[in-house]
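As structure tokens, the structure follows; a few thoughts come after it.
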Amino acid sequence: MQADEWSTPLAWNRVHRFRQRVLAVPRGLEAVPKVTGSVLPRGFGHSYGDSCLNAGNTLLDTRRLNRILSFDPQTGVLHCEAGVTIDAVQRYAAPYGWRLAVSPSTGLASVAGCVAHDVHGRNHVMAGSFGHHLLAVELMRSDGYHGVCGPGEDEQLFRATVGGMGLTGLITTVKLQLRPVKSSFIDVETHQHTELSALMAHIEASADSHEHATAWLDLTSRRAFRGVLEIGNDAVGGGSFSPSRFRPRMPFDLPRWCVGRPHAQAFNAAYFWLQGRRRPGRVSYQKYLYQMDSLGDWNRLLGPKGFYQYHFLIPAAAVNDGLPRLLEAVRRSDNVVVLAILKRYGPAPAPGMMSFPVRGLGGAFDFVHRGERTTRLFRELDELMIELGGRVYLAKDSTLSPGAFSSMYPQWTDFRAYVDPGFSSSLWRRVTGEEP
Ligand SMILES: Cc1cc2nc3c(=O)[nH]c(=O)nc-3n(C[C@H](O)[C@H](O)[C@H](O)COP(=O)(O)OP(=O)(O)OC[C@H]3O[C@@H](n4cnc5c(N)ncnc54)[C@H](O)[C@@H]3O)c2cc1C
């Protein structure tokens with residue numbers, strides 16, 4: 001291990017400012033060092049909250065573990081190191097007619113980060129989550145264990161590691177089953193809606209016919225409802241394309257006075273107007289899946305204090321009652337939601353003990369950071385989620401209390417047995433109160 005300076009690495013929401021010691025894991029992969037306090041593996045810090053932070057302790061930066069070790073174009077089995085990005089896997093496999101079966105909406109996450117949160121995409125109903133497509137995960141633990149777990153091999157450790165938030169050990173390599181595709185394109189159509197019930201019915205009706213689906217809601221207006229459903233299927237033709245590497249970056253934090261309701265309203269109105277002009281068409285997987293990556297560091301658009309995302313999931317049976325109540329609570333609270341997305345989740349049994357998805361409807365709402373006013377609302381929403389049998393996604397969380405966490409993830413007491421005693425995170429200490 002190579003010692004670097006103490007620094008203040010951020011999570012994607014840029015809210016927490018914790019000093020942490022960062023050790024870069026070298027390609028040679030020496031054993032996890034004995035360090036004072038706890039360690040936490042870290043990929044690209046694209047988790048929104050403190051699951052990728054370890055305040056006052058050590059982060060193991062895995063970005064140098066970036067080699068694709070093997071790929072079989074006949075079977076679509078890819079073996080890579082932990083720090084390889086989702087984007088790198090897609091670029092590598094596309095010319096052979098393969099793609100990741102499940103991807104988050106960013107290509108800039110590491111493969112191990114996607115294992116550790118068992119991430120999901122816009123196609124959860126048909127494809128399940130990231131963990132469903134894993135063949136093997138190689139793990140190093142602080143007691144000297146260095147082995148492989150997977151379906152049919154050390155299965156309980158595997159189930160703990162998928163969605164295990166980096167707490168079961170350092171993932172060093174991952175073996176994945178990719179899926180065959182006929183082109184690099186996705187056929188996409190958008191539908192505007194001015195009533196929530198019509199939008200919900202449309203999402204439901206498209207579940208069998210369209211693999212990919214997301215709905216955008218404008219929550220900046222207190223009057224009329226505005227939403228857009230975007231649905232798509234893999235294209236059959238269109239061939240392959242060369243993904244662009246050009247990516248402008250947001251060079252500075254937008255000043256605080258620019259981050260408020262008027263600006264959020266203008267952004268959402270423009271989005272609705274633009275979507276109304278879109279015709280059904282064929283777009284590259286890169287443009288479709290990774291739209292948000294087209295502006296690097298876009299999180300700086302939400303101002304110098306950072307922002308909060310509330311990413312919730314309401315089980316299917318409670319959606320009709322729960323979603324309008326949640327939207328009403330948000331409206332009443334006088335908080336500003338810049339971006340609100342809904343996704344549906346399918347029935348596949350979760351591959352990880354701490355996996356987020358269950359069958360139902362989820363939403364990811366980006367809130368302007370208004371301090372106590374925002375966190376007070378989140379506490380209210382947490383109570384509603386608990387009443388509905390829902391939960392909050394730990395990859396995006398910054399505020400869950402230990403009580404709310406235990407209610408949403410009661411299985412954590414079983415999971416705890418697999419946590420490496422040398423590992424911890426800011427999130428884990430916050431939601432369990434447990435010190436390593
Ligand atoms: C724009 C954007 C869109 C997103 N869209 C989605 C989405 O659609 N669906 C979704 O599910 N998520 C989504 N996410 C969340 C993101 O996919 C996850 O948070 C993912 O874990 C980030 O990967 P990372 O490499 O940045 O990991 P980090 O954020 O650095 O770490 C995440 C977790 O992985 C663990 N970890 C990292 N590397 C290792 C390793 N080598 N061994 C063991 N544990 C490790 C860390 O300890 C931590 O607990 C999105 C994030 C962004 C910024």
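In listed order, ligands and their atoms are each counted from 1.
- Remark: distances from the non-hydrogen atoms of Trp298 to ligand 1 include one below 4.0 Å.
- Atoms of ligand 1 lying under 4.0 Å from at least one heavy atom of Ala112, given by number and element, are 38 (N), 39 (C), 40 (C), 41 (N).
- Looking at Ala82 against ligand 1, only its side chain comes within 4.0 Å, counting heavy atoms.
- Contact annotation for Trp12 and ligand 1: only side-chain heavy atoms (C-beta onward) come within less than 4.0 Å of the ligand.
- Proximity of Phe130 to ligand 1 is not established, as no heavy-atom distance is less than 4.0 Å.
- Under a 4.0 Å N-O distance rule, the pair Asp253/Arg14 qualifies as a salt bridge.
- Contact annotation: for Thr62 versus ligand 1, heavy atoms closer than 4.0 Å belong to the side chain alone.
- Using a cutoff of 4.0 Å between basic side-chain nitrogens and carboxylate oxygens, Glu230 and Arg278 are scored as salt-bridged.
- For Leu40, every heavy-atom contact with ligand 1 shorter than 4.0 Å involves the side chain, none the backbone.
- In this structure, Gly121 falls outside the shell of residues with a heavy atom less than 4.0 angstrom from ligand 1.
- Across Lys343, Lys396, His124, heavy-atom proximity to atom 8 (O) of ligand 1 is greatest for Lys343.
- For ligand 1, the polar-atom distance check finds an N/O of Ser105 within less than 3.5 Å of one of the ligand's N/O atoms.
- By the 4.0 Å heavy-atom criterion, Ser129 is excluded from the residues contacting ligand 1.
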